[in-house]
Trainee: 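Below you will find the structure I want to go over with you.
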Amino acid sequence: MLIAILFSVPTLTIFTFVFQPATDTWQHLYDTVLTEYLTNSALLVMGVSIGSLTLGVSTAWLTSLCTFPGKKIFIWALLLPLAMPAYIIAYTYTGMFDFAGPVQTLLRELTGWGYGDYWFPEIRSLGGAITMLSLVLYPYVYLLARAAFLEQSVCVLEVSRSLGCGPWCSFYRVALPLARPAIVAGLSLALMETLADYGTVSYFGLGVFTTGIFRTWFGLGDETAAAKLAALLLLFVFTLVIIERGSRKQARYHHTSNKYSQLPEYQLTGLRAFTAMLICFLPVFLGFLLPGGQLAYWAGITFDEMVDASFIRLTMNSVLLAASAAILSLALALILAYGKRLMPQKSVLAAVRISGMGYAIPGTVIAVGIIIPFAWLDNTIDAFTREHFNISTGLLLSGTLVAVLFAYMVRFLAVSLQTVESGLGKIKYSMDDAARSLGYTPTETLRKIHMPLMKGTLLTSLLIVFVDVMKELPATLILRPFNFNTLAVRAFELASDERLADSASAAIMIVLAGLIPVILLSKSISTSRAGHVKATRSQ
Amino acid sequence: MSKQLEVNKLSVSFGKVNVINDISFSLAAGRIGCILGPSGCGKTTALRTIAGFQQPTKGYVLLGNKQISSPQKSLPPEKRNIGMVFQDFALFPNLTVADNIRFGLRNWTTDAQQKRIDELLELIGLKHLATAYSHQLSGGQQQRVALARAMAPKPDILLLDEPFSSMDIDLREQLAREVRNILKQENITAILVTHDQHEAFVMADEICVMHDGIIQQHDTGYNLYHKPANKFVADFIGQGVIITGEAIDTGKIKTELGIIEGSTPEGCQPGCKVDVLIRPDDVIHDDESNEQAIIIDKAFKGAEFLYTLRTRTGVEVLCLAPSHHNHQINESIGIRLDIDHLVVFKQ
């Protein structure tokens, strides 16, 4: 319960600011940029919706119901862009397609055009941001849509065919509607990430909520106005959370039958097979291979001067921070989930649910929500000790790693909690009772029975949080102590200073780390499939 | 014999629902008791209260001479020195057979552990599978390991929760007999919870029939069948039908199947209405008899046929006839009553 209260502090702080009297800055924002933030955010959300739906659903359909050369590879390769943080892909593309970039330079050399002679899409624009985000976020839609397609009973598709509907018609009228809840759920995840994104939009100089919060706080120094913006953003996010939860519930009722047989796979040949391959190849190429290759190339050039003692320290910082966050959140998740198992009362259930909300909340919002109460607490402690002991404690919490770690906990606890809960759920309650009757206390039971049984799950949870923290940018940017840098922050800073090639080494480390959960994920989706003959591993 | 377990005026409720209502019974050391009842009667709750997974709302439980459960103070399960065998066995899948048995022996010396493990593996006949994991065992083997694991720390009492319910019906009685032999060899006091009376008859020395959270009768299997304490037990144990009758004299009851001789219930004056239990083996197929009945259903049981008959007056009774008496449905056959143990309840 205590944990839950602690973790709802940031959100609640933000909401209290909604009711605070508006400051001049707020009025100023309202008059000038608020409309821009709103329209830009809305356009971004719409654009990413279209982009990730197109990419996600088409590839999911092709890889689940058609057969074409290379399909087995595409099934997991399509997940690769998930490893690519949006801000990294953003500046990689900028580096490639900018005016001074290799593509435009080549174009000019070939044609002899000069500046202003030709039209070339501006990468640092709203459209560019939409493209970047869609390219790395479509896997959410792909993942859930594919799972939904595979779970559909083949009977309904056959019924539809027998009633005179061709493959395309079956797709539109049967398969797609049945998979809709899953697709919506995947899309809401992608959109939560879109709203939470700071790196891409800030690099492209777009005015949206996250960048607005940043500017208001650091540029105008008005925390009340920043918090109000954050509250507004939260409103959007919670709408998405509700949509997502609702869709997931619906998805459960959409199972038409438990009879699964091997899905009839459309054998594609010739031009069709080629098209299918192209459709699947493009997202992988554009979302992972091309930017990855560019990063590797840059890193190769700048490796010698960039990878030095300070780079190693940076990596150590990142790794240590990510590891401690992963371990801490796993420990908390274990306490919460096991507490829920031992005492399934309403208060405990509520505590668990509240603690699990953080994943939806953008890092910027969490940062703002943490720094305000922490600063207040620091000042209070400082005032108290000065008054009574004549010692100034200075800032104990805000601006230290405690704040950073706390922010990670708030944001990523949900991830560990979900994995741990699903792991615990697979262990029968009679195991607990058996251990208890053999003289083991609940804590000993957790250590001797549950933890060994959940080894894989625990490791997964550690890895996912580790990687999420490695990639995290906005909260770290706001809350980190002075002179403390992580790979993500460094990569972002270098890129912002137009030292794109120099930032590649740091970026590549992040992408490599990001590949770990993607590999785990692709393993698990290739083994779990209703209807396919599973390697029966009786327990 | 000393009392090993005593349950005194125990009540358990979940919220407002009373699951167990004021039950009392005791079990002597070395005996095997059984709580028998239909599902939802509170038998598993009773067992879980003895084990310590459930807190009582009233009453107490004594194990040996120690009070282990009362509304004021309830020892946690791990402090009670009980052993429990679970419906799904709950073998730890990450441990081998030997390590499962070792699990409860952590305060023993390594030598003592090994000796105990060897002894138990010998007893359950699975010596060759000491290093196997639970998923490599058959259901019957898993059950014996679960039993050995629960018995290993020499508990003061062993609790078995529907231990045969996941087994093939054909195997249950045989396994029950095996388990009984193992328990008797180790001289273990045990309580079995089941809904299957055949299991109870095979395994237990004494049986508590439970219904609606109340113990209906605590007796041997023989007495439950032949001297049921009330209509519920009469109906629940064995097969049979209950017909109405009227006492016409001491020891004489007039029923629709004729006059039956036997003891009438206490306080039953001539003229009082009674219920009479008629077991299928009380109804004898006799071609000589004047009493005719129509066969309305029949079930082949191997050596016997179980006929459902309707008499002229419309009463339905069951009749167990040797299987060479093969009659067709709707055929009329002669029957007579031959009742050894008359079971009569005052209405």
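As a basis for the values below, the full set of heavy atoms in this structure was taken, side chains included, without hydrogen atoms, waters or symmetry mates. From a predicted model like this one, the values you see are computed outputs, not experimental measurements. Convention: sequence-line order gives letters A, B, ...; per-chain numbering from 1.
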Trainee: Output, in order, the C-alpha distance, side-chain angles, deciding distance and verdict of salt bridge (Lys or Arg N to Asp or Glu O under 4.0 Å) for B:E162 and B:K43.
Mentor: CA-CA 10 Å; B:E162 301 260 7; B:K43 55 188 192 299; 3.7 Å; yes
Trainee: Please classify the contact of B:R149 with chain A as side chain, backbone, both or neither, using a heavy-atom distance under 4.5 Å.
Mentor: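 Contact with chain A: backbone and side chain both.
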Trainee: Could A:R341 and A:Y429 be counted as a cation-pi pair, given that NZ or CZ must be under 6.0 Å from the ring centre and within 45° of the axis?
Mentor: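 Relative to the ring axis of A:Y429, which defines the angle, A:R341 lies inside both limits.
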Trainee: Under a 4.5 Å heavy-atom cut-off, does chain A meet the side chain of B:F53, its backbone, both or neither?
Mentor: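 Looking at B:F53, just its side chain touches chain A.
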Trainee: When you check the gap from the basic side-chain N to the acidic O, do A:R447 and A:E444 get nearer than 4.0 Å?
Mentor: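 No.
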Trainee: At a 4.5 Å cut-off on heavy atoms, which part of B:L159 comes close to chain A: side chain, backbone, both, or neither?
Mentor: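 The answer is neither part of B:L159.
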Trainee: Taking B:D156 first and then B:K66, would you say they form a salt bridge - that is, a charged N and a carboxylate O separated by under 4.0 Å?
Mentor: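 Looking at B:K66 together with B:D156, the answer is no, because their closest N to O distance does not fall below 4.0 Å.
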Trainee: A:K455 versus chain B, heavy atoms under 4.5 Å apart: side chain, backbone, both or neither?
Mentor: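 When you check distances to chain B, no heavy atom of A:K455 falls under 4.5 Å.
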Trainee: Under a 4.5 Å heavy-atom cutoff, which of B:A90, B:G104, B:G52 has the most pairs with chain A?
Mentor: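 Result: the option with the highest number of such pairs is B:A90.
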Trainee: In terms of heavy-atom proximity below 4.5 Å to chain A, should B:F92 be classed as side chain, backbone, both, or neither?
Mentor: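 Its backbone and side chain both get close to chain A.
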Trainee: Please rank A:D433, A:D432, A:T441 by heavy-atom pairs under 4.5 Å with chain B and give me the top one.
Mentor: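 That would be A:D433.
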Trainee: Using a strict threshold of under 4.0 Å (side-chain N to carboxylate O), is an ion pair present between B:R102 and B:D99?
Mentor: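 Yes, this pair counts.
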Trainee: Taking A:P442, A:A435, A:S430, A:P452 one by one, which has the highest count of heavy-atom pairs under 4.5 Å against chain B?
Mentor: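 Greatest number of close heavy-atom pairs with chain B: A:S430.
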Trainee: A side-chain contact here means heavy atoms from C-beta on lying under 4.5 Å apart; do B:I20 and B:S11 qualify?
Mentor: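 No. Closest side-chain heavy atoms not under 4.5 Å.
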